[in-house]
Amino acid sequence: MTVFLPLRHIEKVLLFAVPAISVITTPIFSADPINLPKASLLAVCGFAILGLVLPNFRGLTSSLNISYLVVIFIFLVQTLIVLIYSGAPFDQQFYGVLGRNTGFLTYISLVLVSVAAALIANKNNVKKFLYSLFIVALISEVYSLLQTLGKDPIPWTSNYNSITGFLGNPNFQSSFMGISAAVAFAYLIQEGLPKGRKILALLYIALSLVLILRSDSIQGLLVMAIGTLVCLTLFLISSQKFGRKKIIFPYLFLVGPCAVLVVLGTINIGPLSDFLYKASVRQRGYYWDAAIEMTRNHPFFGVGFDSFGDWYFQSRSADAALNSLNVTTNSPHNVFLEMGAIGGFPLFFAYIALILLTLRSSFNLIKNGRASFDWILAGAIGAWVAYLSQSLISVNQIGLAVWGWVLMGLIIGSERNLRKEDNLKIPLSKNNSPGAFLLKTRDQGARLTVLFVTLCTVAALAIVIPPLRNDAAYRTAFESKSAEKLIAAVLAKPEAADRSVDAVQLLAQSGLFEQANSLIDHVTDKYPRNHNAWYLKVRLVDENSEEYKLIVEKINELNPRAPYNK
């Protein structure tokens, strides 16, 4: 049976949606203006791509690396197993917790955009995505410049410094600027670049560096340094002017010790420790230890999507409890360890396999193209490695993650197309990707595709509109100061535990203890591992009651290293 893969439409969806995901915010009507709209747009994009591919699913096997498809399949199957068997609340797993939204829906959408990127991967499309990354980052940097000058038109409520861009956090924004600066560096060092463009690239890199420094985020500096070093290494490997043997070994001899000093400095060892080490690094170590403990204790199903925070107090070390008694988190600040914690060893190893496949494809592309420097190849690999370095020390922020998964797909897909370009068994499309225009009858394939795209997009909207509506309703209810509206907003499906806990606190502060007790009972029944709910509930009941004793026992079960003390 022949197939029809509408790659040009997939390309258009990705080129519109991926940059839009990075910058979309909804501060006018949302309680969460950063993560929820990004997750929603990502889901709509992923489902639209699913609709484009589903009618001709068999075309994937002829267009993509079979090992990549096998790993993707394992990853998807494990996400479904985790959703069903981990035991965490469904709403929390499916949509993710407030402020993260890295639930089941987000992960399957990331997989879909990665597969789509692999399908359309060729040199021209990789260049388009690098240009789009650069443009989005430039818009974001101009906005960050307004923020640092005190001219932000949006009155954000934030605990961070002013440079948050469209990502809500200086660490995320500085990392995004560092990734884009690496791409700009690859563009800068290509041979034959006109002087005017060199100046523009230099100015952009300089602006990125200044804003990263202004953000006070070491994370951005490290990401920028790693990305540019990757690009420089690829330049030297392919350099005919300097000679590989003459320059590459001294270069590596210099860079290697410097990299070691930087790594040691981040863990408070060596001469760079005063500059690089922060207390947050030690705290990250506690989070990583807890993630490892969760993976060991839940090796097959994990603790569930976005459920790290529910298990942190129970899984943390004695040292963590001693030095940061009341500090908690809903992420281990390491994407690799998070995969193990939320999904067990199967999800962890599936993710590792995807990374290894991308590295293999990168090496094959470098080996094939090392006769001359290709800034597009270097920029894609440099940006992906930069993202990877960020993911080792930070959370899986959707505005950054979507670029990491797209670059992964582009690199794997480019290597696949390179290996098949001389021995294709199927025709090429106009954009030089295999598998684009084989069909039983073209009109039939197109009509079926339109039907599937429509159905999948409608399904996506039906999934993402309820949480968006509830988020807006919660903000409206909060501003109206109406208890009835507030309770109705937090109980609307799908629920969010943290929002309900905040509502209970507001009700209690207003003296509405009957409503507060009723709502907190509902929260603890539906989210039995939410320690914030239990700590709030214990303050709402009589200390001499039997219920009080049972609540204290539950709190001590969830936080065994810090027994409850009123």
Taking the side chain from Thr476 and the backbone from Ala472, do they hold a donor-acceptor pair closer than 3.5 Å?
yes
Measure from the side-chain N and O atoms of Ser391 to the backbone N and O of Leu388, and report whether any donor-acceptor pair falls under 3.5 Å.
yes
Does the Ser480 side chain pair with the main chain of Ala477, one donor and one acceptor, at a distance under 3.5 Å?
yes
If every non-hydrogen atom of Ile376 is compared with every non-hydrogen atom of Leu130, which pair is closest and at what distance?
O-CD1, 3.4 Å
Hey, could you give me the CZ/CG distance between Arg499 and Asn470, rounded to the nearest 0.5 Å?
6.5 Å
List the steps and the verdict of side-chain hydrogen bond (donor to acceptor under 3.5 Å, both in side chains) for Ser217 and Asn171.
CA-CA 6 Å; Ser217 172; Asn171 286 327; 2.7 Å; yes
For side-chain contact (heavy atoms from CB on, under 4.5 Å), just list the numbers for Met224 and Leu209, CA-CA rounded to whole Å, side-chain angles, deciding distance to a tenth of an Å, and then say yes or no.
CA-CA 8 Å; Met224 182 178 178; Leu209 182 59; 4.2 Å; yes
Taking all heavy atoms of Ala186 and all of Cys231, pick out the closest pair and write down the distance.
CB-SG, 3.7 Å
Is there a donor in the side chain of Gln219 and an acceptor in the side chain of Ser174, or the other way round, less than 3.5 Å apart?
no
Tyr131/Tyr187 under side-chain contact (heavy atoms from CB on, under 4.5 Å): CA gap, chis, key distance, verdict:
CA-CA 10 Å; Tyr131 279 148; Tyr187 182 79; 4.1 Å; yes
Do Gln93 and Ser307 pass the side-chain hydrogen bond (donor to acceptor under 3.5 Å, both in side chains) test, and can you show the C-alpha distance, the side-chain angles, and the key distance before you say yes or no?
CA-CA 7 Å; Gln93 285 204 87; Ser307 298; 5.5 Å; no
side-chain contact (heavy atoms from CB on, under 4.5 Å) for Leu232 and Thr228? Distances and angles first, verdict last.
CA-CA 6 Å; Leu232 181 59; Thr228 52; over 6 Å; no
Val230 and Gly382: which non-hydrogen atoms are nearest, and at how many Å?
CG1-CA, 3.8 Å
Measure the CD1-CD1 distance between Ile398 and Ile24 for me, rounded to the nearest 0.5 Å.
11.0 Å
Identify the heavy atoms of Leu112 and Gly46 that sit nearest to each other, and give their distance.
CD1-O, 3.2 Å
Should Tyr143 and Pro153 count as side-chain neighbours, where that means a heavy-atom distance under 4.5 Å?
yes
So CD1 of Ile352 and CG of Leu357: to nearest 0.5 Å the spacing works out to 11.5 Å
Between Tyr474 and Asp502, does any side-chain donor sit less than 3.5 Å from a side-chain acceptor?
no
So with a 6.0 Å cut-off around CZ of Arg469, is the heavy-atom count from everything else above 12?
yes
Test log, rule ring pair (Phe, Tyr, Trp, His ring centres under 6.0 Å), inputs Phe176 and Phe166
CA-CA 10 Å; Phe176 190 44; Phe166 301 106; 9.3 Å; no
Using a 6.0 Å cut-off, check whether atom CG of Leu149 has over 12 heavy atoms from anything other than its own residue.
yes
If we count only N and O atoms by modelled type, under 3.5 Å, do the side chains of Asp152 and Gln147 hold a donor and an acceptor together?
yes
Test side-chain contact (heavy atoms from CB on, under 4.5 Å) on Asp498 and Asn530 and set out the steps.
CA-CA 8 Å; Asp498 291 339; Asn530 189 295; 3.5 Å; yes
Centre-to-centre under 6.0 Å for Phe305 and Tyr95, is that the case here?
no
Nearest-0.5 Å distance that lies between atom CZ in Arg100 and atom CD in Glu338:
8.0 Å
Nearest heavy-atom contact between Ala17 and Cys45 is CB-SG, 3.5 Å
Main-chain N/O of Tyr204 paired to Ser208 side chain as donor or acceptor, under 3.5 Å:
yes
So does Lys485 have more than 12 non-hydrogen atoms from other groups sitting under 6.0 Å from NZ?
no
Tell me if a side-chain donor or acceptor on Asn334 pairs with a main-chain N or O of Leu392 at a distance below 3.5 Å.
yes
Hey, does the side chain of Ser414 reach the backbone of Ile411 with a donor-acceptor pair shorter than 3.5 angstrom?
no
Is there a side-chain contact between Pro494 and Phe94 (heavy atoms, below 4.5 Å)?
no
Do the side chain of Trp288 and the main chain of Pro332 share a donor and acceptor less than 3.5 angstrom apart?
yes
Look only at the side chain of His333 and the backbone of Ser331, and say whether a donor-acceptor pair between them is shorter than 3.5 Å.
yes
Looking only at the side chains, is there a donor atom on one of Ser144 and Gln173 sitting less than 3.5 Å from an acceptor on the other?
yes
Tell me whether Glu293 is salt-bridged to Arg316, with the criterion being a basic N under 4.0 Å from an acidic carboxylate O.
no
The single option from Thr79, Asn396, Thr102 that satisfies side-chain hydrogen bond (donor to acceptor under 3.5 Å, both in side chains) with Tyr107 is Asn396
Tell me if a side-chain donor or acceptor on Asn35 pairs with a main-chain N or O of Asn101 at a distance below 3.5 Å.
no
In this structure, are over 12 heavy atoms from other groups packed under 6.0 Å from Phe478 atom CZ?
no
Closest heavy-atom pair and its distance - Val523, Ala533:
CG1-CB, 3.8 Å
For the side-chain contact (heavy atoms from CB on, under 4.5 Å) test, which of Val395, Val97, Thr329 pairs with Phe308?
Thr329
Just checking Phe348 against Phe336, ring centres under 6.0 Å apart?
no
When the side chains of residues 399-410 are checked against the rest of the protein, which donor-acceptor pairs come out under 3.5 Å, sequence neighbours left out?
from   : atom 1 : to    : atom 2 : distance (Å)
Trp403 : NE1    : Ser22 : OG     : 2.6

Within the 4.5 Å heavy-atom criterion, are Leu359 and Trp384 side-chain neighbours or not?
yes
With ring pair (Phe, Tyr, Trp, His ring centres under 6.0 Å) as the test, pick out the partner of Tyr287 among Tyr312, Trp311, Phe313.
Tyr312
Between atom OG of Ser315 and atom CG of Asp289, what is the distance when rounded to the nearest 0.5 Å?
11.0 Å
Which value, rounded to the nearest 0.5 Å, describes the distance between Thr26 atom OG1 and Ile34 atom CD1?
8.0 Å
Quick one, Asp374 and Lys123 - any side-chain contact, counting heavy atoms below 4.5 Å?
yes
Donor on one side chain, acceptor on other, Asp310 and Tyr527, under 3.5 Å
no
Is a donor on one side and an acceptor on the other found under 3.5 Å between the side chain of Thr295 and the backbone of Gly340?
yes
With side chains defined as the heavy atoms from C-beta onward, is the minimum distance between Ile49 and Leu14 less than 4.5 Å?
yes
Does the side chain of Glu141 reach to within under 4.5 Å of the side chain of Ser180, using non-hydrogen atoms?
yes
Side-chain contact, heavy-atom cut-off 4.5 Å: Leu167 with Lys38?
yes
Close side-chain approach of Met339 and Val335, heavy atoms under 4.5 Å
yes
